[in-house]
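Down below is the structure, laid out as structure tokens.
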Protein chains: 2
Amino acid sequence: MAVTIYKIAEKAGVSSSTVARVLRGDLKESWKGTSERAARIRQIAEEMGYQPNLRARAFSRGKTHGIALLYTNDAWIFEGVNSQVVNSFVRALRAQGYHLVFVPVDSDGEWEEIVRGGQVDGCMMLQRMPKSVNDVLKETGLPIVVLGDNADPALPHVTVDDFGGAFSATKHLLSLGHQRVGLFVHSTIKPHCSVEQRRAGYESALDEANLESQLFWRVSENEVVDVLIRAEKRPTALLCYSDLEATMIVHAMWKYGIKIPDELSVVGFNDSFATRHMTPPLTSVAYDAEKLGEIGADLLFKQMSAPSFSVDQPAAIQINQKLNVRGSTGPAHLK
Amino acid sequence: MAVTIYKIAEKAGVSSSTVARVLRGDLKESWKGTSERAARIRQIAEEMGYQPNLRARAFSRGKTHGIALLYTNDAWIFEGVNSQVVNSFVRALRAQGYHLVFVPVDSDGEWEEIVRGGQVDGCMMLQRMPKSVNDVLKETGLPIVVLGDNADPALPHVTVDDFGGAFSATKHLLSLGHQRVGLFVHSTIKPHCSVEQRRAGYESALDEANLESQLFWRVSENEVVDVLIRAEKRPTALLCYSDLEATMIVHAMWKYGIKIPDELSVVGFNDSFATRHMTPPLTSVAYDAEKLGEIGADLLFKQMSAPSFSVDQPAAIQINQKLNVRGSTGPAHLK
DNA sequence: ATGAAAGCGCTAACAG
DNA sequence: CTGTTAGCGCTTTCAT
């Protein structure tokens, strides 16, 4: 049988509340006699190997200190930069005594029990959820934060300035003299706000320069490569939706003997580890993943401390992107 | 105020125990009158939007249905194949009504409160933990499973046959006529059992063939590349600790115009997604990550159902590796 | 099969 | 500051 505050109280000859208060540090201990007794209680607790029962505490307080990470797609949460976001989010939670609970959203509805049954005190999402899921979440009134998507503006969210990122990346290419700049989004990319935003930023920059866009929209890498190696008016620069696309292209270009950046400039997104070690290192647009996680956690904590928060006006925060210029982009050499 | 079994009991004119039993399905409902009443209770619960309070249940039952994923290193749990293991582990837990809780093991000792305070019913680890951590875990008596490492044989674990994997990969290279086969382990690789096992498998295969090993042990890729492009007796085949090393090497070879597999055969480990799409696709040794996660969950559940399980004899399970031969390995062309 | 009642261990409101 | 007391909502005896 585990050690409880009652056992300690008995041994110390005080009431259980006193023990609880002392061990929780809820006491000023101003007077000398008090602090001596407190010390004795702590000592006894230590000796008996007391450990607060977190289940009882959760029950009594009505809080588990758990935050759900809701996700519908296995791989997504681990993909590239997302894992960094999750890591920093976990750290931020931990700093406040909270922990992350993995909750895959499947058809069997177990996620709903967890969310409705008070197994967690809040929810985080890294992707857009079906409307039915959002509805349930709103019903529960739990604090919520969505990272990297704003499909449902009624949910507090932190997004990334993908428009700005794509815009400045395109500008960078234009400033290098490129006249034909393509945008490549692979067919496997799931729809979420950053796709559209990046496209808009890209097109906007081209518009300003009175140049035409050249979209490779939701196609396989082969279709892009075909154009890059054969077409008369092939792009001399390619903005890729992510570093994954960029990597595919760079590989293919090597294979066909097309030099980067001399014959093709390539820009990626997310600045993943591997691409910094490519030859040449990849120019890439990226945001501060750590920061995204931290801000997300903050937003959650704000809601927890101010119940009316999310009702009044859902928060919408946006963080910047930065263009990291490396070796994969260079001046245009037009034929 | 949330709907409780008492509210339902009142409305249905029965006792709370009956409600609890009906809703939990603890009833045979053999007699007609009984089953009718049960139906009515269910109906009322439904109408009132009853949702069992999981905190109360956890408190009462003494189980949270949470399993901790303990880890000391951020990136590790998300790296390559590990994410697949975690995913399948989560699915297996979920199938039994359990969920995964992220518990970073840091110096502040919060992990200890979680583990000792009964916030979780069991623990999983994907890497070796400091002895002090293992000791605490043993003390709690919680079910435990370690995936991919067996540093502490007293802990139930599931490992991968890295010896066999490296052995058969090396055999494959030898059968292609290679006489100088190197092994490359990058300097960033953390020590764990697979490193040693792969080395042993590699050396064992070479021993059998009376060939000398050529180790690139915990070095940077540049040191390996230097040898590969310059050395007189350079290896004609290279076994890499993981696909990451293999990718680095393949890139570098491209850069220096060394053809793969004609001038160098390369084998990786883990068969990660990206390397299947390399040019040429990478020959790689891999295990079934899904299976590892499932077996791990099984092992945990076995311990939960049989309290004496882990005391009697800690379980040690090993799963096979498979060599996936692709384009990056070919016949040796000795100069 | 059902109901009454006693926990589970901690928190919090209330008197003293 | 301390002790008493009443929950928190469900599970689990133990009678009936």
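Within every chain, numbering begins at 1; the chains are lettered A, B, ... in the order of the sequence lines, protein sequences first and strands thereafter.
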Distance, rounded to the nearest Å, where [X] contributes [atom1] and [N] contributes [atom2]:
| X | N | atom1 | atom2 | result |
| --- | --- | --- | --- | --- |
| A/Lys63 | D/dC8 | NZ | P | 16 Å |
| A/Arg40 | D/dT2 | CZ | C1' | 14 Å |
| A/Gln119 | D/dG9 | CD | C1' | 14 Å |
| A/His65 | C/dT11 | NE2 | C1' | 13 Å |
| B/Gln51 | D/dG9 | CD | C1' | 14 Å |
| A/Ile41 | C/dC10 | CD1 | P | 14 Å |
| B/Glu113 | C/dC10 | CD | P | 13 Å |
| B/Leu54 | D/dC8 | CG | P | 18 Å |

Sub-3.5 Å pairs of nitrogen or oxygen atoms, protein against nucleotides 12-16 of chain D:
none

ask   = May B/Phe59 be described as stacking on the base of D/dC8, applying a 5.5 Å centroid limit and a 30° limit on plane angle?
value = no
task = In sequence, state the C-alpha distance, the side-chain angles, and the governing distance for A/Thr72 and A/Met129, and then conclude on side chain to side chain contact (heavy atoms under 4.5 Å, CB included).
result = CA-CA 7 Å; A/Thr72 53; A/Met129 289 285 156; 3.6 Å; yes
ask   = Under 3.5 Å, is there a donor-acceptor pair between the side chain of B/Arg128 and the main chain of B/Asp149?
value = no
request  = State whether the side chain of A/Ser305 and the backbone N or O of A/Phe301 hold a donor-acceptor pair below 3.5 Å, judged by distance alone.
outcome  = yes
Quick one: is [N] close enough that its OP1 or OP2 comes under 4.0 Å of any side-chain N or O from [X]?
| X | N | answer |
| --- | --- | --- |
| B/Tyr50 | D/dG9 | no |
| A/Ser15 | D/dG3 | yes |
| B/Arg57 | D/dG9 | no |

Please tabulate, for side-chain N and O atoms in residues 93-102 of chain A, each donor-acceptor pair with protein atoms closer than 3.5 Å (sequence neighbours left out).
unit_1: A/Arg94; atom_1: NE; unit_2: B/Glu110; atom_2: OE1; d: 2.9
unit_1: A/Arg94; atom_1: NH1; unit_2: B/Asp106; atom_2: OD2; d: 3.4
unit_1: A/Arg94; atom_1: NH2; unit_2: B/Asp108; atom_2: OD2; d: 2.6
unit_1: A/His99; atom_1: ND1; unit_2: A/His65; atom_2: O; d: 3.4

remark   = Scanning both residues in full, the closest heavy-atom pair of B/Leu137 with B/Thr140 reads O-OG1, 2.6 Å
message = If you compare all heavy atoms of B/Ala58 against all heavy atoms of B/Thr64, which two are closest, and at what distance to 0.1 Å?
response = CB-CA, 4.0 Å
ask   = When you check the gap from the basic side-chain N to the acidic O, do B/Asp298 and B/Lys302 get nearer than 4.0 Å?
value = no
ask   = Do the side chain of A/Tyr6 and the base of C/dC8 come within less than 3.5 angstrom through a donor-acceptor pair of N or O atoms?
value = no
